[in-house]
Every structure is written in structure tokens, then in C-alpha cells.
Amino acid sequence: MLRLFIKSRGRYLELALLVILLNLFISFTVVWYSNTPSEISRTSVQDSRLLLSVEYTGDSAQASESPVSETVLGMKPQPVNTLENTQRMDQSEMKSEVPKAVATSAIPNLSFDTTLGVFDKFRKFQSHMFSVVGEAWSVLSSSRALCLGAQTSVDRLYELVELVKNWSGPMSIAVFVPDIELAVGLRYIQYLRSCNLAIERQVSFHLIYPVEHQGTTNHPDLQGLDEVVGNMDCKQPKQVLKFLLNVRSKEMLAWRESYPYPQNLLRNLAKNGCQTNYTYIPDIDMVPTPGMDIQLETFLEKQEKKNNCSKCAYVIPTYEISINSTHLPSNKTELLQFVKDKQARQFHQALYSINQKSSNLKKWEKIPETEEIDIAYKVEKYIFKYEPLYIARGDTPAFDERFIGFGMTRNTQVYEMYVAGYSFYLLNNAFTNHWGFQSLKTRPQWRARQQEQNNARFDEFAKEVSAHYNADPYKMLDQLKKMNLKHVKVAYGTSKKNNTVAKKEEKKPLQEDIKKVFTR
């Protein structure tokens, strides 16, 4: 009897063990099926469709698309070290120096109230100064002499990643964000700050939109976007922005591309945002060389002690760099080799050479590089439509905001400086880089029309400037009728006829300007 009892108990134990093993098997099976490749595949396909399947190479005008090797989602933001040497904007090659992930909950939400905007003087645009402030903004602004102020539309904001690599001081960035682009801009700034320590510390943002297309932060298409931003790859800022901009509707895109871009208003806001004694106002895609900002700080300190010039503008030449180059030149010696190899040329050399004519860059290129930045020479002859990038005190004349869109934007401000008595000096070593060789074939018709409209506004501007300063050193008032800018036609596109017209129209004013200057 006892033997039978022991035998039955053994069978019960075996049965219990079998049940336990069966339960474990079923549990593991359920877990395995919940993570099957088919499910992962469906999610991956959906993400790939919703996100970016293209990657840009080259400059903005000649960008091409190719498959992206990895999706934008699926990786937590990883802060990127921005102190690396300047390289071409190829996000697939950018390295994250800090592997630690940033949790979605760690990214602060950016609050924004559209009722607090300030109108421009024409009441066409509303501005929100210091919508986002850099963590070290106050410290940098009080300890540095120079601030970089730049303007951009939201679709070019990814350029900031390369710009901040070579600038350690305060940066004041004005961003154009009409309609739903305001929501995109806020979320993209949030993404940039979580990924890039330098942007989080150094950069303050000012947001601007037109009254007729007021910025919006709420939209049905934005549902769930906040959660998505916290999971985007820090290595692909260009692709991330492309994905976010997909929320724009076809109806919006129909008017957005050719909408008059308020460049001068944006430049004024970026400049006014700078809290330092000196300002430098490039466009966001004009990249300084490594260490240039620190050298400029030393140069300005010496100038303050030496002559304390209140009406001096220190010119920094700009060069176009071929998209076939593997990197941007990091110093003048390398730049001159780029020029020799036809991998670099003066900015707008082919499109509109008068842009930097007064700088006489052939002379500048013959001056060898030195250890320190200093004045190379003074600009002797001002030629109309000169538009250099320069460093000057923050109280230079404002950019005239009647010029909206393209044409007569930067050069009219320089013209007013000339009338006001400013002197321009070329710096020996400093220069900025701009990716891509520009040409007439990239100019669309709507841009040419905007230039014509701005040309027609110049006569009134020139008269006002002369009256304000009681000066007319260029004898501009005597030339307005002959120049007849109101009726000048601007060429566009790739048409041979347009190219011929452009050469005739641009060559004649250039020859006349040079002749007037050198025969006085």
C-alpha cells in the first residue's frame, strides 16, 4: 500500500512538472510572437513612408536625392559635439561624441503666445523676439565683444548645425515661420537644442510671420508630433527637418515658395537681438573658418585701444566653394589653393560680380596669411551695389524694410553707410565659405520679378538717404534718371534669350559705375 502511494505521488509530481514546463513554453511563445519580424517590418515600412526616404548632397540650389541608410526615427536624441573641424553638411557622416540617449521627457516644451507679437512699421509682419533664449546667452553677451546675427526661413534652419561649429560666441537667429511653419519651427528648435549643446547654450531665436498667414502652433496634422520629435536621430538634422515640413499642405506650398521673404526685417531683428558692442550679420549658410571668432575678439580689443573708430566696417570676404570639394577651406592658405584649383571663387562672381567689386579681392588674394587677423587695406573706391559682409558697431544704419523679397536688400544698407561716412577695411585672413557655385540658371521667374519691384523702390530710398544725411557723395540724385531702375528687366531661368538679356543689362550698369568712380 505504501509502495503504491509513493508511486502515485511520483506520477503527480511528474504531471505537475509537465504543466509548469508547458506554461513556460506557452509564455515564451506569446512573447516571441509579439515581437515577430513581420510586426517590426510593418512598423519600419510605415515609419519609412512617413519619414524621409531622401538625403540631400551639395548646396541648396543643386541638391540631389538618394536613399537614406537609416530611418530618422528609432533613435533617441544624442547631443552632438560641435567643436569638430568644419566639414561638408553630410549628416550620415556626422559623429555623435556623447552616446548617452536623451529621454523624450527630458526635452522641454517650448511655449508660445501668438497674441504677444510686435508689428513692423508697415504692419505686415509680427515678430516675437527671444522666443527661445540660449542657456548661456547672458554670460556670453556680457563677456564677448562680437555677436553673430543671421536670418533664415525655417526650411534652411538645419544650416545652423554647421554654422555653430565654428562660432563659440552668442548667436542671434531670426526665423521666418508663416502659418504651420511656426509649429514646425518650434519643434525643430526643440530638437536642435536637445541634440546640440552649443545651440542650446549660445543661440537665441526670434520668430516672425506675416499677418496674412499668421503662425499657428495647433493643427490636426500636428497630433503626436511632440512625441515623435523626442525620438529623432541627432545625426540627421536635415532629414528630420524635411520630415517635419511634410505637414505643409499642397495649398500652402502653392503660395509659400514665391511669397516675398522679408530679408531686411529679419536681419534687423537678428541684429537688434545682439547685446554686444559689435555685430556680424551673415546669412545662415555663410560659414566662418575655425577659430575666426576668437581671433576677431582679439582684433577688436586691439582696435578699441588703438583708435576706437565709430564708423569703421571691417570687411570679411565670402567665397563660393564647389560642391565637389570634400570640405570647406579652414584657413586662407588653403582657400587660395582652392581658388588655384578652381574649387573656390568669389561670392556671386558669375551671377553678379559687382557684389564684391569694391573689395578688390584679387589684391586680397595676393596677401599671404599671417598669424593674426589685422587690417589689410582700406576700400578706396565705393561702387554702387557693393554688399560685403562686415563687422561694425551695433549702431550702423538699419536695413531698409521696404525692400521685401530679393534684390536691393543688403546693398542698400551698405549704400546708406557710405553716404553716412563709414569707411570699409578688408581684414587680411578672415573669410567665410558658401557651399556651391551660383549661376543665373538657378534664378526663378518670381525672384526676378521681386528684384524688379525692389529696383523700382530705390529712387525714393536714395532721395530719403541724401536728405537725411544732407550728403550725396556718389552723385546718385543726378544719376537716377539715367539709371532708370524702375524699368530695368531682370533675367531668370535657363533660357538663352534671358541669359543674353541679363548680360547686356548687368554689364552696362557695371561699366558705367566703374567709369564714374575712376574718372572722378
Side-chain angles (χ1 to χ4, degrees), residues 52 55-56 70 72-73 75-110 130-141 144 147-152 154-175 177 184-207 226 228-245 270 273 282 284-288 290-291 293 328 435:
L52 302 171
E55 183 177 26
Y56 286 101
E70 56 186 41
V72 177
L73 285 184
M75 294 185 66
K76 296 285 186 178
Q78 299 175 352
V80 176
N81 189 334
T82 61
L83 300 180
E84 301 170 0
N85 292 332
T86 303
Q87 298 178 350
R88 184 174 173 181
M89 279 298 294
D90 185 352
Q91 279 73 30
S92 63
E93 296 179 0
M94 288 178 62
K95 302 298 182 183
S96 175
E97 298 295 329
V98 185
K100 184 178 179 180
V102 178
T104 306
S105 58
I107 302 177
N109 291 322
L110 300 178
F130 294 100
S131 301
V132 182
V133 181
E135 298 296 329
W137 176 258
S138 296
V139 174
L140 289 172
S141 295
R144 297 295 185 97
C147 168
L148 184 152
Q151 50 80 26
T152 182
V154 71
D155 60 313
R156 301 296 300 276
L157 193 51
Y158 67 88
E159 300 275 11
L160 182 59
V161 175
E162 186 165 29
L163 183 61
V164 78
K165 286 181 182 179
N166 294 336
W167 195 269
S168 59
M171 302 175 70
S172 173
I173 307 297
V175 189
V177 286
V184 171
L186 286 169
R187 287 157 177 81
Y188 190 64
I189 290 172
Q190 183 181 9
Y191 159 81
L192 289 176
R193 284 167 57 87
S194 68
C195 288
N196 195 302
L197 300 177
I199 292 177
E200 182 183 32
R201 293 184 68 253
Q202 300 167 223
V203 184
S204 288
F205 295 90
H206 322 290
L207 306 180
D226 291 325
V228 171
V229 170
N231 291 278
M232 288 185 168
D233 188 357
C234 288
K235 298 179 182 179
Q236 301 191 58
K238 195 169 185 177
Q239 289 84 350
V240 167
L241 181 56
K242 173 74 173 179
F243 162 64
L244 293 176
L245 287 171
I284 202 167
D285 54 359
M286 296 175 174
V287 184
D293 61 324
L328 297 174
W435 276 113

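Sequential numbering from 1 along the given sequence is applied to the chain's residues.
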Trainee: Between Asp233 (side chain) and Gln236 (backbone), is there a donor-acceptor pair under 3.5 Å?
Mentor: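 No.
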Trainee: Write down the atom of Ser168, the atom of Arg144, and the distance for their closest heavy-atom approach.
Mentor: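 Shortest heavy-atom separation between Ser168 and Arg144 comes out as OG-NH2, 3.0 Å.
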Trainee: I would like to know whether Tyr188 and Val154 meet side chain to side chain contact (heavy atoms under 4.5 Å, CB included); could you show each step before the answer?
Mentor: CA-CA 9 Å; Tyr188 190 64; Val154 71; 5.5 Å; no
Trainee: Applying the side-chain hydrogen bond (donor to acceptor under 3.5 Å, both in side chains) test to Glu135, which of Arg193, Arg201, Gln202 qualifies?
Mentor: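 It is Arg193, the one option of Arg193, Arg201, Gln202 that forms the side-chain hydrogen bond (donor to acceptor under 3.5 Å, both in side chains) with Glu135.
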Trainee: Tell me the closest heavy-atom pair linking Leu163 and Val287, and the distance in Å.
Mentor: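 Nearest heavy atoms, Leu163 then Val287: CD1-CA, 4.2 Å.
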Trainee: Which heavy atom in Gly273 sits nearest to a heavy atom in Trp137, and how many Å separate them?
Mentor: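 Taking every non-hydrogen atom into account, O-CZ2, 3.3 Å.
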Trainee: Apply the test side chain to side chain contact (heavy atoms under 4.5 Å, CB included) to residues Val203 and Ile189: give CA-CA distance (whole Å), side-chain angles for both, the deciding distance (0.1 Å), then the verdict.
Mentor: CA-CA 10 Å; Val203 184; Ile189 290 172; over 6 Å; no
Trainee: If I take atom SG from residue Cys147 and atom CG from residue Asp293, how far apart are they, to the nearest 0.5 angstrom?
Mentor: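 Between atom SG of Cys147 and atom CG of Asp293 there are 11.5 Å.
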Trainee: Closest approach of Ser204 and Val133, non-hydrogen atoms and distance?
Mentor: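 In terms of heavy atoms, the two residues are closest at OG-CA, 3.4 Å.
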Trainee: Counting N and O atoms only, with roles assigned by atom type, does the side chain of Glu159 sit under 3.5 Å from a partner on the main chain of Thr152, one being a donor and the other an acceptor?
Mentor: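 No; zero donor-acceptor contacts below 3.5 Å.
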Trainee: Please step through side chain to side chain contact (heavy atoms under 4.5 Å, CB included) for the pair Trp435 and Leu328, ending with a clear verdict.
Mentor: CA-CA 8 Å; Trp435 276 113; Leu328 297 174; 3.4 Å; yes
Trainee: Closest heavy-atom contact between Leu157 and Val175?
Mentor: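 Looking at all heavy atoms of both residues, the closest pair is CD1-CG2, 4.2 Å.
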Trainee: Run the side chain to side chain contact (heavy atoms under 4.5 Å, CB included) check on Cys195 and Met232 step by step: do they pass?
Mentor: CA-CA 9 Å; Cys195 288; Met232 288 185 168; over 6 Å; no
